[in-house]
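What you see is a predicted model, and the numbers here were worked out from it, not measured in a lab.
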Amino acid sequence: MENLNILVICTGNSCRSQIAEGYLKYFVKELNIDANIYSAGLKAEGINKKAIATMAKDGIDISNHTSNTIEEYCNTEISHVITVCDHAHESCPAYLKKANLTHQNFSDPSKVKASNLEIQIAFDRCREEIKLFTFDFLKKV
C-alpha cells in the first residue's frame, strides 16, 4: 500500500481545513490506517476559536494545531489533496494537482453574520458535514 500523506487545503487554514484535519487524524486511528495528515491554506490566518470549541464538543482537541501555508509542504510527497472550499480548489498549485485530488466545498461558518446561536449552528452543521465526508473519504482510500 502506498504511503498516505493527506493534505487538506482551504483559503486561510483557520476553520474548515482544521476541522477536516482533526477528523482525519481521529478516523485514521479508529480505522487503523497508516497516514500522515496535514492541513494548509493559501495563507495562514490562525485557528478560529469557534472551530476549536465546536470540535471540543465532539471530543476532538485541535487547540494545538498550527495554521500553515501550502508552501510549507512543497518538499513533502503528498499522495492525496482535499480542497474544502472552491477558492482553494481553483487556486491549488499545479504540483499538488498531481496528487489524488478530491474537492468538496463546505460553507464557511466563520463568514456567517447572525446571532451567536445561528453562528454556532453553522459551525455545528459544518463540523457534521466534514465529519461524514472525512470518514467516507478514508473508507475509499
From Ile52 atom CD1 to Ser63 atom OG, the distance as rounded to the nearest 0.5 Å: 6.0 Å

Listed once per pair and sorted, the side-chain hydrogen bond (donor to acceptor under 3.5 Å, both in side chains) pairs that draw on residues 130-141, sequence neighbours left out: Asp58-Lys131

Leu42 to Ala88 - nearest heavy-atom pair and separation: CD1-CA, 4.1 Å

Same apolar cluster (I L V M F W Y, side chains within < 4.5 Å links), Leu132/Ile6: no

Hydrophobic cluster identity match, Phe106 and Ile47, side-chain contacts under 4.5 Å: yes

Neighbour count >12 (heavy atoms, 6.0 Å) for atom NE2, His103: yes

Lys43 atom NZ: more than 12 heavy-atom contacts under 6.0 Å: no

Least distance between heavy atoms, Ala114 atom then Glu118 atom: CB-OE1, 3.1 Å

Candidate list Phe27, Tyr26, Tyr23, test ring pair (Phe, Tyr, Trp, His ring centres under 6.0 Å), partner Phe135, passing option: Phe27

Charged N-O contact under 4.0 Å between Lys25 and Glu21: yes

Criterion side chain to side chain contact (heavy atoms under 4.5 Å, CB included) on Thr69 and Asn13, from CA distance to verdict: CA-CA 8 Å; Thr69 62; Asn13 194 219; over 6 Å; no

Verify same cluster id: Leu96, Val8 (apolar side-chain graph, 4.5 Å): no

Ile82-Ile33 co-clustered via ILVMFWY side chain contacts under 4.5 Å: yes

Leu7 side chain near Thr76 side chain, heavy-atom distance below 4.5 Å: no

Shortest non-hydrogen contact between Arg16 and Cys126, atoms and distance: CG-SG, 3.8 Å

Parallel, tilted or perpendicular, as decided by the 30° and 60° cut-offs, for the rings of His80 and Phe137: perpendicular

Shortest non-hydrogen separation from Glu45 to Ser14 and the atoms involved: OE1-OG, 4.0 Å

Whether Ser67 side chain and Gly46 backbone form a donor-acceptor pair below 3.5 Å: yes

Any Cys15 side-chain heavy atom under 4.5 Å of Cys10 side chain: no

Backbone N/O of Gln18 and side chain of Ser39: donor-acceptor pair under 3.5 Å: no

Derivation and outcome, side-chain hydrogen bond (donor to acceptor under 3.5 Å, both in side chains), residues Gln120 and Asp124: CA-CA 6 Å; Gln120 188 56 59; Asp124 291 347; 2.8 Å; yes

Ile121 CD1 to Asn116 CG distance, which is reported to the nearest 0.5 Å: 11.0 Å

Inter-residue atom distance Leu101.CG - Ile78.CD1, 0.5 Å rounding: 12.5 Å

Test applied, side-chain contact (heavy atoms from CB on, under 4.5 Å); reference residue, Asn5; option that passes from Ile37, Asn36, Val81: Asn36

Within residues 47-66 or reaching into it, pairs that qualify as ring pair (Phe, Tyr, Trp, His ring centres under 6.0 Å) - sequence neighbours excluded: none

Residue pair Ile130, Val84: steps toward the side chain to side chain contact (heavy atoms under 4.5 Å, CB included) verdict: CA-CA 9 Å; Ile130 291 173; Val84 293; 5.6 Å; no

Min side-chain heavy-atom separation Asn105-Cys85 under 4.5 Å: yes

Residue pair His87 / Thr11: nearest heavy atoms and the distance that separates them: ND1-OG1, 3.2 Å

Stepwise side chain to side chain contact (heavy atoms under 4.5 Å, CB included) check, Thr83 with Glu90: CA-CA 9 Å; Thr83 52; Glu90 293 158 7; over 6 Å; no

Residue pair Asn68, Tyr38: steps toward the side chain to side chain contact (heavy atoms under 4.5 Å, CB included) verdict: CA-CA 9 Å; Asn68 306 294; Tyr38 312 100; over 6 Å; no

Nearest atoms (heavy-atom pairs only) where Phe123 meets Ala51: CE2-N, 3.7 Å

Straight-line distance of Ile19 CD1 to Phe133 CZ, nearest 0.5 Å: 13.5 Å

